[in-house]
Each structure stands twice: as C-alpha cells, then as structure tokens.
Amino acid sequence: MSEFKENVIAYVARVPKGKVVSYGQVATASGSPRAARQVGGVLRALPSDSGVPWWRVVNRDGYLSIKGNWEASKELQKQLLEKEGVVFDDNFTIDMKRFGFRDGLK
DNA sequence: TTACTGACTCGGA
DNA sequence: ATCCGAGCCAGTA
C-alpha cells in the first residue's frame with residue numbers, strides 16, 4: 001500500500017465529527033500538496049466498511065463536487081454531514097470558516 | 001510499462 | 001464577483 005494512500009486515510013480518520021477538510025488540505029497533510037485529485041481517488045476506492053469518514057472531505061469552496069454515477073453518494077454525504085451538525089446554506093455550500101477543521105500539525 | 005482519468009486547485013480574463 | 005483553461009499526479013487498466 002502506498003504511503004500517500006495510508007496518510008490520506010490516517011488524516012481523514014482524525015477529522016472531528018462536525019468538521020470538514022478540503023481535498024487539497026488532505027493532500028498537503030499527506031505529503032503531496034498537488035495531489036488533491038488523488039485524494040478523491042483514494043476515498044472513492046474505500047470499501048463501505050472501512051470506517052473512514054470520507055464524507056467529511058469536500059472541495060475548497062465548501063461544496064460537494066462528486067459527479068456522474070456518484071450522485072447518490074453525494075446525497076448521502078450531505079445527509080451524513082447534516083446529521084453531524086454541519087449546515088449547508090441555500091447554495092448547498094458549507095461555511096468553511098465555521099466548519100473547516102484547523103489541524104494542529106506544527 | 002505506458003496511457004488515460006479525474007470525489008481538485010489556482011491563476012488569468 | 002464569476003467563468004474558463006490548464007497543470008497536477010496517484011490510481012487503474
């Protein structure tokens with residue numbers, strides 16, 4: 001298993017309930033700042049019983065960018081987040097200032 | 001091994 | 001503020 005993949009999973013796993021992070025943030029924290037798209041690829045490949053809170057990862061603008069055949073997952077993601085207290089505004093967008101997870105990595 | 005893909009981002013118009 | 005084009009690079013075939 002690649003290190004990048006492991007890092008992504010490890011990082012996402014420690015995002016607190018009720019908070020969200022961007023793909024780019026995860027990529028940076030995983031050692032490859034320009035691999036934001038790959039983060040999506042890793043999450044997409046996760047088995048449903050992985051226990052990884054993939055739904056807490058959104059794009060930098062705070063909305064869900066899943067498309068195509070993943071529309072169903074997109075709806076699921078929204079519901080899971082709202083269940084955790086994350087609020088979507090009229091444009092289906094999350095206020096990253098309020099719900100963005102600031103990591104303490106220093 | 002090479003080729004293609006895209007659950008992203010950034011910078012310029 | 002909004003839209004658009006192109007780089008990015010780990011996965012997958």
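No hydrogens, no waters, no symmetry mates; every other heavy atom, side chains included, goes into these values. Chain identifiers are assigned alphabetically (A, B, ...) following the order of the sequence lines, protein sequences preceding nucleic acid strands; residue numbering begins at 1 within each chain.
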Exercise for the section: Examine B:dA7: is either OP1 or OP2 under 4.0 Å from a nitrogen or oxygen in the side chain of A:Ser73? Give yes or no. Expected result: no
Problem - Polar side chain donor-acceptor pair, A:Gln38 to A:Tyr23, under 3.5 angstrom - result: no
Practice task
Following the transitive rule for hydrophobic clusters with a side-chain heavy-atom cut-off under 4.5 Å over Ile, Leu, Val, Met, Phe, Trp and Tyr, establish whether A:Phe88 and A:Val15 coincide in one cluster.
Solution key: yes
Exercise for the section: Check the hydrophobic clustering (I, L, V, M, F, W, Y; side-chain heavy atoms under 4.5 Å; chains of links allowed) and say if A:Phe92 and A:Val20 are grouped together. Expected result: no
Exercise for the section: Produce a footprint string for nucleotides 6-13 of chain C: one letter per nucleotide, 5' end first; B if the base is under 4.0 Å from any protein heavy atom, S if only the sugar-phosphate is, - if neither. Expected result: -BBBBSS-
Problem - Check: A:Asp89 side chain, A:Asn91 main-chain N or O, donor-acceptor pair, under 3.5 Å - result: yes
Exercise for the section: Enter the distance from A:Asn7:CG to A:Thr28:OG1 here, rounded to the nearest 0.5 Å. Expected result: 12.0 Å
Completion exercise
A:Asn59 CG to B:dC8 P, in whole Å, measures 7 Å
Exercise for the section: For DNA chain B, determine which residues of residues 74-82 of chain A have any heavy atom closer than 4.0 angstrom to one of its atoms, and list them numerically. Expected result: none
Completion exercise
Rounded to whole Å, CZ of A:Arg60 lies from C1' of B:dC10 at a distance of 6 Å
Exercise for the section: Using a strict cut-off of less than 4.0 Å between a Lys/Arg side-chain nitrogen and an Asp/Glu carboxylate oxygen, indicate whether A:Lys19 and A:Glu84 qualify as a salt bridge. Expected result: no
Practice task
Indicate if A:Leu46 and A:Val39 have the same hydrophobic cluster label, given that clusters are the connected sets of ILVMFWY residues with side-chain heavy-atom separations under 4.5 angstrom.
Solution key: yes
Exercise for the section: Give a yes or no answer on whether the side chain of A:Gln77 reaches the backbone of A:Val57 with a donor-acceptor pair at less than 3.5 Å. Expected result: yes
